[in-house]
Number of protein chains: 2
Amino acid sequence: MPVEGQQEQSAEEAGDKAVRRPRVQKNVTRAIAADICANIFSAGDFLPTENELCERYGVSRTVIRESLKILESKGLVRGRSRVGTVVCRKDEWNILDQQVLEWIGPRIFEFDLLNCILEARRAIEPAAAELAAERATVQEIADVERAWHEMRDADGDIERFTKADVAFHTNLLKASHNQVFLQLASIIQVALEFSLHASNEAVDKRDEALDVHRQLVEALRMRDTAAARNCSLQMLSLAARDLAVAVKKHVPQFSS
Amino acid sequence: MPVEGQQEQSAEEAGDKAVRRPRVQKNVTRAIAADICANIFSAGDFLPTENELCERYGVSRTVIRESLKILESKGLVRGRSRVGTVVCRKDEWNILDQQVLEWIGPRIFEFDLLNCILEARRAIEPAAAELAAERATVQEIADVERAWHEMRDADGDIERFTKADVAFHTNLLKASHNQVFLQLASIIQVALEFSLHASNEAVDKRDEALDVHRQLVEALRMRDTAAARNCSLQMLSLAARDLAVAVKKHVPQFSS
DNA sequence: CGCTGATGAAGATCACCAAGCTGACTACCT
DNA sequence: AGGTAGTCAGCTTGGTGATCTTCATCAGCG
């Protein structure tokens with residue numbers, strides 16, 4: 001499968017040797033990552049040699065090497081000097097990395113990751129909410145509230161609602177003034193995108209979620225840590241329900 | 001500063017397998033990362049051009065580029081096409097990445113990270129302990145206990161004790177059967193290494209910690225989630241005390 | 001004020017050398 | 001004769017340097 005976007009010199013007037021050389025790096029990296037995720041190259045196997053990869057993706061060896069370096073730095077593969085490049089087991093991947101999550105994309109349902117993320121959120125978000133209630137600046141609370149407004153006003157638009165919801169949680173994590181929590185925004189983003197996207201029919205329950213979110217803003221204003229924690233837990237219960245719907249939808253048959 | 005360790009294979013008697021490999025890539029990456037951490041290149045600034053970096057570190061442009069790709073993939077820098085490479089703000093770094101933490105090294109005390117990590121641990125480890133109490137296999141519990149034995153038997157050796165402590169917590173996270181928690185082992189490792197290393201005089205209190213660790217193993221055996229959570233929290237209280245000592249030691253003067 | 005061309009830096013490719021793991025082949029010993 | 005150890009060639013990644021392309025930027029022009 002050659003990478004998309006190299007022969008996009010569909011410049012009609014490209015009669016002569018005007019071969020466009022577009023930004024190919026990111027596409028190649030993503031393509032290799034996708035192929036790994038798709039188990040075209042499976043864990044423990046050697047990747048084809050760099051030269052073969054050059055042909056397969058239609059780019060030079062330099063590009064392949066830089067791509068492999070990136071993949072290696074995220075734990076997807078391990079380069080064994082003068083031997084080859086081995087695909088790592090999935091539990092060696094940096095699944096907290098934003099880019100890795102993007103590469104996995106919808107295949108996340110095959111990773112049993114969303115449940116893990118939900119459990120992690122149950123541990124993290126209430127704690128973050130407490131800290132935010134203690135530490136958030138007025139500005140930060142306003143940011144959280146602005147995101148809530150966006151959610152409220154999104155009404156039909158699922159895309160917009162999801163984006164606003166992600167912003168809400170991200171701003172909350174920011175307000176906790178904890179760098180570690182903030183880094184975890186990426187996994188929460190993924191969780192929200194896949195849960196909400198799949199359970200978009202539950203419109204009536206959206207109001208319920210909206211209300212809890214509002215209460216959380218209120219709790220931040222009041223510096224009420226207990227209430228903040230409580231709201232966060234309620235949110236996660238709703239999220240758990242959404243997740244169940246989403247999983248059922250994407251994995252209708254359970255293969256054991 | 002040329003990078004250390006390229007031709008330091010002073011192995012005169014290269015009779016056996018003991019042939020040192022130059023492997024300059026990792027060193028260069030680490031060197032650039034170190035220079036960034038040391039604020040030689042500070043946030044928002046442009047890095048020198050790739051050609052200048054070649055001279056500075058005494059390697060070819062390819063190596064520099066691959067290094068920059070790695071650094072970029074971890075959020076330390078951002079390449080702006082045809083303009084230059086910009087150093088990112090510290091809050092854009094993937095601080096949950098093992099390698100990034102290694103690069104930061106002892107400078108972690110300048111990052112206000114250890115406190116954040118402790119807070120995160122307070123959220124995560126008790127939850128992980130609960131899950132482990134529910135889900136750990138007999139083998140996994142045995143692994144945790146083995147690490148505890150190592151801790152107990154380490155007696156004088158701080159290095160060994162720390163290593164065993166890290167293994168204990170890592171095994172615990174493994175036993176939680178949650179991929180997200182497991183990924184966070186890297187930050188816990190860092191936290192333990194720097195806290196314990198600095199508070200090595202508190203030998204009498206070591207026994208206290210040891211006892212709590214033993215109780216946790218017991219709780220896992222009994223499948224007692226509440227006890228497991230409780231032990232974990234106790235551990236973290238001790239860790240908090242150690243951290244206070246460590247911070248005081250490394251930052252005797254507080255610069256505001 | 002907007003267009004344009006020069007400039008310089010990154011993006012991409014190519015050709016090549018170096019180093020060492022692999023595996024096959026050979027030679028030697030039993 | 002058969003098995004084992006030593007050797008060697010070839011393949012694959014690691015690293016270098018030259019060269020070309022693509023554009024973001026900016027000075028200078030209309």
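Computed from a predicted structure; not experimentally measured. A, B, ... follow the sequence lines: proteins, then strands. Residue 1 opens every chain.
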Problem - Integer-rounded Å distance: dG17(D) C1' and I64(B) CD1 - result: 14 Å
Practice task
Using a 4.5 Å cut-off on heavy atoms from C-beta on, say whether the side chain of I188(B) contacts that of L173(B).
Solution key: yes
Completion exercise
Ranking dG17(D), dC14(C), dT22(C) by distance to the side chain of T62(B), first place goes to dG17(D)
Exercise for the section: Could you check how far NZ of K26(A) sits from P of dG11(C), rounded to whole Å? Expected result: 12 Å
Practice task
Ignoring backbone atoms, establish whether R65(A) has a side-chain N or O less than 4.0 Å from OP1 or OP2 of dT12(D).
Solution key: no
Exercise for the section: Take atom CD of E50(B) and atom C1' of dT16(D), then tell me their distance rounded to the nearest Å. Expected result: 15 Å
Problem - Whole-Å gap separating P (dG17(D)) and CG (L53(B)) - result: 15 Å
Handout entry: dG10(D) OP1/OP2 closer than 4.0 Å to side-chain N/O of R82(A)
Key = no
Practice task
Take atom CD of E55(A) and atom C1' of dT13(C), then tell me their distance rounded to the nearest Å.
Solution key: 15 Å
Handout entry: Rounded distance (Å) that lies between atom P of dG11(C) and atom CG of N51(B)
Key = 12 Å
Exercise for the section: Determine the contact category for T49(B): base if any of its heavy atoms lies under 4.0 Å from a base atom, sugar-phosphate if only primed atoms, P, OP1 or OP2 are that close, otherwise nothing. Expected result: sugar-phosphate
Problem - Spacing between K69(B) atom NZ and dG14(D) atom C1', to the nearest angstrom - result: 18 Å
Practice task
Using a 4.5 Å cut-off on heavy atoms from C-beta on, say whether the side chain of R61(A) contacts that of N51(A).
Solution key: yes
Exercise for the section: Indicate whether the side chain of Q183(A) and that of Q179(A) have a donor and an acceptor atom separated by less than 3.5 Å. Expected result: no
Practice task
Please tell me if the side chains of V83(B) and F46(B) come closer than 4.5 Å, counting only heavy atoms from C-beta onward.
Solution key: yes
Exercise for the section: Would you kindly give the CZ-to-P distance between F46(A) and dC21(C), to the nearest whole Å? Expected result: 13 Å
Practice task
Give one of base, sugar-phosphate or nothing for S81(B), where a contact means two heavy atoms less than 4.0 Å apart.
Solution key: sugar-phosphate
Practice task
Using heavy atoms to find the nearest nucleotide of DNA chain C for R61(B) and R61(A) separately, return the residue whose nucleotide is more 5′.
Solution key: R61(B)
Exercise for the section: Would you confirm whether the ring centroid of H169(A) sits within less than 6.0 angstrom of the ring centroid of H213(A)? Expected result: yes
Exercise for the section: Side chain of R80(B) only, please: which of dG11(C), dT25(D), dT13(C) is the nearest? Expected result: dT25(D)
